[in-house]
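Heads up: the structure comes next, in structure tokens.
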Amino acid sequence: MNAPVDAIETFRAETRAWLEANCPPEMRRPLRSEADVVWGGRRAQLSEPQRQWLDRMAARGWTTPDWPSEYGGGGLTPQQAKALRQEMAKLGCRSPLNSFGISMLGPALLTYGTEAQKQEHLPKIVRGEIRWCQGYSEPGAGSDLAGLQTSAEDAGDHFVVNGQKVWTSYADKADWIFCLVRTDKSVKQGGISFVLFDMESPGVSTKPILLISGYSPFCETFFDDVHVPKANLVGELNHGWDVAKYLLGHEREMISGMGLGGGGHKSLPEIALDAIGAEPDGRLDDPGLRARIATFEVRAMAFQAMSERFMDELKARRAHPAQPSMMKYYGTELNKARHELIMAAGGSDALAWDSEASHGGAAARGWLRTKGNSIEGGTSEVQLNIIAKRILELPGA
Amino acid sequence: MNAPVDAIETFRAETRAWLEANCPPEMRRPLRSEADVVWGGRRAQLSEPQRQWLDRMAARGWTTPDWPSEYGGGGLTPQQAKALRQEMAKLGCRSPLNSFGISMLGPALLTYGTEAQKQEHLPKIVRGEIRWCQGYSEPGAGSDLAGLQTSAEDAGDHFVVNGQKVWTSYADKADWIFCLVRTDKSVKQGGISFVLFDMESPGVSTKPILLISGYSPFCETFFDDVHVPKANLVGELNHGWDVAKYLLGHEREMISGMGLGGGGHKSLPEIALDAIGAEPDGRLDDPGLRARIATFEVRAMAFQAMSERFMDELKARRAHPAQPSMMKYYGTELNKARHELIMAAGGSDALAWDSEASHGGAAARGWLRTKGNSIEGGTSEVQLNIIAKRILELPGA
Amino acid sequence: MPLFLNDDQAMLADTARPFIAEQAPVGHMRGLRDAAELTGFSRDLWARFAEMGFTGMLVEEAHGGLGLGQVEAGIVLEEIGRNLTPSPFLSTSVGAVTALKGGAAALTERWLPGIVAGEVVAALAIDEGTHHRPLRTALKAERSGNGFRLTGDKRFVAHGHVADLLIVAARTAGAAGEPNGITLFAVEKDALGLTATPERLADASLASRLAFDGVQVDADAVIGEVDGGWAALSRVLAVVRTGTAAEMGGVSAAALAMTVDYLKSRKQFGVHIGSFQALQHRAAHLYAEMEVTRAAVLKAQQLLDADDPHAERATLVAKAMAGMTTTLAVQEGVQMHGGIGMTDEYDIGLYMKRGRVLAEMFGDADFHADQLARHSGY
Amino acid sequence: MPLFLNDDQAMLADTARPFIAEQAPVGHMRGLRDAAELTGFSRDLWARFAEMGFTGMLVEEAHGGLGLGQVEAGIVLEEIGRNLTPSPFLSTSVGAVTALKGGAAALTERWLPGIVAGEVVAALAIDEGTHHRPLRTALKAERSGNGFRLTGDKRFVAHGHVADLLIVAARTAGAAGEPNGITLFAVEKDALGLTATPERLADASLASRLAFDGVQVDADAVIGEVDGGWAALSRVLAVVRTGTAAEMGGVSAAALAMTVDYLKSRKQFGVHIGSFQALQHRAAHLYAEMEVTRAAVLKAQQLLDADDPHAERATLVAKAMAGMTTTLAVQEGVQMHGGIGMTDEYDIGLYMKRGRVLAEMFGDADFHADQLARHSGY
């Protein structure tokens with residue numbers, strides 16, 4: 001299966017040349033704030049370079065490099081996809097498209113979707129035409145998905161959905177939702193199905209939740225007699241858990257990636273040196289902070305190796321099925337630690353909330369945003385429970 | 001109740017003068033190893049300065065400054081006792097006598113003992129004539145004292161004791177034991193009594209436990225038909241728990257005191273500077289270790305204030321009854337942290353195990369010894385359970 | 001002196017706690033924030049602080065104050081922290097009053113009555129870079145005419161845009177990094193050439209950047225000795241650092257209380273989440289850190305009040321501990337609240353923001369631990 | 001190359017694990033310790049290492065070795081760590097072999113066959129102070145006759161008292177702290193003027209202080225370039241630091257496994273202590289640290305084997321992570337074992353001692369984090 005080394009090196013060289021020729025210079029600058037991230041969708045407002053970069057990458061299927069080309073994906077081997085990622089990182093290319101369609105729904109559809117569902121939805125995800133959101137959590141349920149209340153009643157060729165979701169990421173900006181609904185009230189663990197529907201369907205409404213960061217990336221989402229065609233059921237009726245769990249694993253992978261920082265941002269030592277300066281011998285002029293940053297950098301680089309190992313093991317189907325919990329736990333805790341250090345490095349400047357010089361309080365708001373990393377997608381405590389039970393096989397209480 | 005300030009200052013000045021005149025110079029040098037600690041007892045082998053220092057202090061009752069003078073104690077007020085401690089610390093005077101009699105049994109006898117018991121035992125504790133050990137833990141019971149098995153059967157004017165204890169501190173060197181025994185097998189929580197007996201009684205045998213430090217401060221202790229006069233019952237029959245709990249509180253206080261270090265030892269920064277040296281501007285020439293030591297010093301000084309506050313609150317009967325658990329937890333964890341740093345500061349020298357230059361591996365053995373601090377006298381986990389339940393009033397599982 | 005509040009102090013706490021909880025609970029701060037209020041605090045509340053005697057509590061009785069000490073100021077500050085009350089109390093009634101005590105009679109007469117009356121607000125202009133480094137004070141004060149001309153910038157000056165009085169650390173001699181050559185000035189609002197640019201911080205408080213463009217002050221604006229201001233500045237820093245630590249104690253205490261309440265009420269998987277042992281242990285650990293920190297802060301206050309030579313060390317310990325403990329308290333608070341802890345609607349996030357600002361103010365835990373190490377000779 | 005063991009490496013692991021577990025389990029180390037054995041390891045076992053090909057696994061096939069790399073050496077070292085096996089494998093088959101690879105043909109021919117055959121044991125004489133500071137090498141090597149005279153002291157030299165070959169870092173020019181002027185020497189046992197004083201360490205291993213009292217060596221004892229030994233020394237340090245990290249991986253893995261077994265079997269208050277959530281979370285956290293550390297170590301090994309320019313950085317990360325993680329693993333191990341963890345009878349304490357020695361060896365986590373910071377320019 002492994003491509004010979006020289007074939008990979010040829011691919012790498014061609015890729016680099018193509019990226020250099022096709023990635024607009026604006027798309028090779030560090031992201032300054034969350035507003036610079038391209039999410040796509042019907043209502044997306046992209047700058048010219050963003051649009052160019054997205055279209056060029058989508059044309060090659062490189063917004064989803066390892067998806068099959070029949071659905072618009074890049075059809076790359078794991079080695080090629082890794083080489084592409086590495087070359088993009090070297091040139092500082094931004095990601096052309098961020099999307100829950102790519103990171104969550106797509107893999108689930110590839111595994112559980114019907115051929116018609118794949119043909120309908122995957123190409124639009126690749127091209128960034130449809131923006132997806134996820135409807136899992138409900139008020140009062142938190143990490144405990146078993147208490148799911150949103151109901152879908154059988155009405156012949158469609159379901160009638162009623163209920164309320166919470167923590168729906170960007171529901172107010174999304175075009176479609178993938179959603180867990182209860183289709184059988186007589187059981188607790190089963191009886192849940194995984195459905196897709198358009199957010200413009202009659203009866204759908206959203207209400208943004210103001211977060212401590214001052215942003216509203218999440219919504220409360222309400223369903224009032226929403227009609228969902230049965231063709232939009234993914235996987236088997238009453239077995240939506242399987243799809244959801246598969247997808248949660250992918251979500252944890254994605255969130256755990258945050259621990260790596262990077263993504264074109266200034267490095268933590270750079271931030272600190274800029275804000276604080278150096279002693280004559282070049283050491284950061286704050287010995288306590290320097291020691292804490294150095295220890296953090298050790299962990300961050302080790303986690304970078306771990307992420308590489310994890311991806312390699314996943315591809316080779318050697319990863320422990322609960323390993324995504326470890327990655328999610330470590331990656332999100334690391335990302336929180338990074339932002340605590342960014343705040344310490346920035347000093348009083350990092351406390352600014354809305355000044356222009358602070359890019360609208362980017363440091364402080366980014367810091368507060370990361371506090372949710374270890375809550376969303378299963379809290380750190382839930383991940384530790386999973387590791388203890390499923391990997392260490394410690395006894396239940 | 002408070003003595004006027006000038007009376008205290010007079011006492012302080014007189015005390016200092018007396019200490020300067022009476023504390024032998026050898027007893028004002030830092031302890032080099034555990035062997036320098038005076039425990040007293042029938043078989044104690046004291047150096048001449050140790051003997052002098054003990055006898056002079058005992059004559060004034062200052063081995064137990066705040067015990068009533070009718071039992072040989074110093075009869076000092078809390079203010080005077082504090083002034084004595086402070087003056088001893090200033091002059092670097094060693095403690096004349098360490099003893100479980102002083103730190104544990106004495107306070108319990110003062111509260112629960114009969115007049116005859118007080119008259120019999122307290123003066124000998126003050127003078128270091130009898131060395132005591134504690135028989136609480138049993139094999140397999142650990143922190144769970146309710147599973148106590150050692151039995152004491154009623155045989156008229158005496159009990160017949162059979163069973164086994166473990167983790168009996170210095171049982172092989174002690175003269176007498178205070179011991180929990182089961183006097184009623186029909187109940188679980190009650191049915192336990194607190195008795196005293198001579199370790200030379202027929203049927204008592206001990207077996208030292210070799211620890212990872214290479215020392216054997218603890219023993220397994222076996223009782224085979226040991227006769228214990230009923231006059232040696234402390235407190236009420238079947239209510240030994242009350243005495244034991246009272247005493248455990250005192251043990252926790254004592255162990256928590258370890259976090260303070262001091263006691264004539266070299267300070268952590270001194271150890272580090274000696275082993276590593278300084279940069280030209282005087283900073284320790286190991287920036288990471290320096291930062292860790294500085295953070296530790298912050299905690300240690302804060303805990304010193306906490307210890308002062310705790311003693312003051314205890315004296316004023318304002319301390320939360322579960323506060324000793326907090327002190328025990330914090331103090332022992334701090335002491336472990338101190339010794340981890342001592343090892344890091346000492347580098348390869350601190351790893352030596354039996355060379356003369358290393359005082360017989362004092363650093364490494366001391367470090368390993370501290371690992372037991374957070375286990376003995378109730379583990380850190382047990383203390384945290386107590387804080388959560390009794391202070392924060394969090395619900396049971 | 002025992003290391004707990006004496007009867008008078010306990011009585012003050014019994015007064016201050018309900019007073020501030022009623023007059024300025026968290027909703028008070030939310031109101032100012034949501035109205036995008038530009039003063040940064042309520043002048044009405046400040047007047048009521050004066051009625052209570054708080055504004056002048058450190059001022060000697062001869063000047064109309066209560067003649068109390070740092071322990072008492074800390075009691076008020078703890079309640080301010082507990083309720084996230086926006087107030088110029090620390091900069092005015094603790095920082096500026098301490099500075100003025102070392103000044104000439106003309107200065108104290110000029111300013112103290114207004115402070116006691118709740119009519120004057122003061123701000124401390126110390127930091128120049130992103131981090132608190134007072135020894136590196138570089139704002140230039142050159143002799144000029146009957147006084148001095150001040151040139152340079154200050155930042156992170158809480159209440160700087162509305163203060164009637166600015167306590168300014170400036171350099172009259174020597175180089176940045178040297179204690180000698182620092183001079184403290186009492187500068188009046190509206191001095192020519194002085195511009196204050198207020199900036200909203202994460203906790204919704206307002207701090208200013210100050211530009212001194214050749215600001216002319218009279219010689220009697222000097223507090224204490226010319227070139228010899230380091231000692232006076234150190235005294236001011238000792239009390240405001242300790243005061244900040246006391247305020248942080250209130251922030252942590254409220255965060256823990258709120259979190260423990262949540263743990264007792266919230267159910268998941270059918271049981272109260274407060275019964276999960278992992279959370280219990282973390283809450284208990286936090287409690288221990290908070291108790292130890294509280295003792296360190298009280299110790300610093302008592303030593304300051306006793307003019308003890310060890311007070312400075314104790315102050316470093318107090319502010320460093322407060323930094324570490326408050327950070328832990330708010331982090332655990334948000335995490336244990338789960339999703340709702342991330343919402344603006346719940347208060348715990350406001351405590352996280354305030355804790356962060358206070359952790360930075362007058363030096364963070366790294367700074368204070370480093371100072372302690374230098375102090376101890378390593 | 002994927003970041004997990006390839007098939008050949010997995011096969012080696014499948015061989016090495018039962019081999020070492022059978023030949024040299026913890027009881028083997030206890031036996032040597034309790035007999036107060038003075039060699040510090042078993043020569044019989046060393047001969048069996050040779051039979052397995054381990055001794056020469058890094059030696060090129062042309063010289064009779066297996067021509068393998070750091071990943072493979074790490075596999076053996078992990079098993080050594082897991083079983084606390086006393087062995088000169090790291091200093092001889094990893095450290096000395098790497099040093100000699102950079103030397104003249106005469107040197108490799110003199111030493112490699114003996115190492116491959118399991119007849120030669122080597123030691124690395126690098127540290128001079130209490131802490132690992134190789135740039136500060138000060139042991140003096142002066143030109144004298146046809147060669148050099150070595151004067152000075154070394155310490156913390158594992159196997160130094162029995163080694164046939166000593167790899168010695170010395171200074172031929174420049175001042176302590178400068179990379180230029182360091183020269184590596186291959187010094188034979190029994191050289192005149194060389195005294196080794198072995199010392200028992202906490203983990204029962206023996207490390208020596210070496211006194212060089214004008215030890216005369218020929219010019220061909222120089223490994224590589226005179227004054228240019230820093231590069232060679234850095235290569236040696238990179239592999240032994242990574243190797244030590246691999247051994248520490250075995251120490252942590254065994255400590256965690258032993259602790260998890262204990263948590264599953266021990267009952268208190270009527271339930272398995274492994275069902276207490278607080279302990280579960282701590283064990284799970286430890287697992288995560290260990291997985292991440294394992295990845296960092298493998299990454300360093302792969303980059304070293306690929307001669308990648310980022311290998312040195314990865315090595316710093318690997319040893320620093322191993323230091324922190326192993327320390328956590330053995331601390332949690334002893335604490336969770338409770339009282340019996342404190343007894344010599346149980347193995348967990350032996351892991352704590354070995355972990356501590358390895359954490360110190362070739363630089364602790366503070367040192368490596370500091371190096372990484374300097375490397376990154378801050």
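Lettering of chains follows the sequences in order, A, B, ..., and the numbering in each one begins at 1. All values below come from the heavy atoms of this structure, side chains included, with hydrogens, waters and symmetry mates left out. Remember, it's a predicted structure, so these values are computed and weren't measured experimentally.
Per-residue counts of heavy-atom pairs under 4.5 Å with chain B were compared for A296(C), A257(C), A288(C), A373(C); the largest is that of A288(C). Heavy-atom pairs under 4.5 Å with chain C were tallied for K82(B), E381(B), E308(B), R290(B); the largest tally goes to R290(B). Interface remark: of the candidates R282(C), H368(C), H272(C), R313(C), R313(C) forms the most heavy-atom pairs closer than 4.5 Å to chain B. Heavy-atom pairs under 4.5 Å with chain C were tallied for N385(B), D285(B), L284(B), D281(B); the largest tally goes to N385(B). Between chain C and the residues S380(B), A388(B), A294(B), G282(B), the largest count of heavy-atom pairs under 4.5 Å involves A294(B).
Contacts between E279(B) and chain C at a heavy-atom distance below 4.5 Å are absent for every atom of the residue. Both the backbone and the side chain of E393(B) have a heavy atom closer than 4.5 Å to some heavy atom of chain C. Residue R374(C) touches chain B through both its backbone and its side chain, counting heavy-atom pairs closer than 4.5 Å. Interface remark: D370(C) contributes backbone and side-chain atoms alike to the contact with chain B (heavy atom separation under 4.5 Å). In this structure, the portion of I391(B) lying under 4.5 Å from any heavy atom of chain C is its side chain and not its backbone. Heavy-atom distances place both the backbone and the side chain of H285(C) under 4.5 Å from chain B. Only the side chain of L273(B) comes within contact range of chain C, judged by heavy atoms closer than 4.5 Å. Using a 4.5 Å cut-off between heavy atoms, V260(C) contacts chain B through both its backbone and its side chain. Looking at R318(B), only its side chain comes within 4.5 Å of chain C, counting heavy atoms on both sides. Of the two parts of Y378(C), the backbone and the side chain both hold a non-hydrogen atom closer than 4.5 Å to a non-hydrogen atom of chain B. For chain B, the nearby part of Q277(C) is the side chain; its heavy atoms alone come within less than 4.5 Å.
Distance check: L286(C) CG to I387(B) CD1 gives 10.5 Å after rounding to the nearest 0.5 Å. Taken to the nearest 0.5 Å, the CG atom of L392(B) stands 7.5 Å off from the NZ atom of K264(C).
Under a cut-off of 6.0 angstrom, the local environment of CZ in F11(B) is crowded, with over 12 non-hydrogen atoms contributed by other residues, nucleotides or ligands. Surrounding NE2 of H310(C) are at most 12 heavy atoms belonging to other residues, nucleotides or ligands under 6.0 Å away.
When side chains are defined from C-beta on, V317(C) does not count as touching Q304(B), because their heavy atoms never get closer than 4.5 Å. You'll find the side chain of M327(B) stays beyond 4.5 Å of the side chain of E291(C), heavy atoms only.
The residue from M306(B), R309(B), M311(B), E313(B) that alone fulfils the side-chain contact (heavy atoms from CB on, under 4.5 Å) condition with L3(C) is R309(B).
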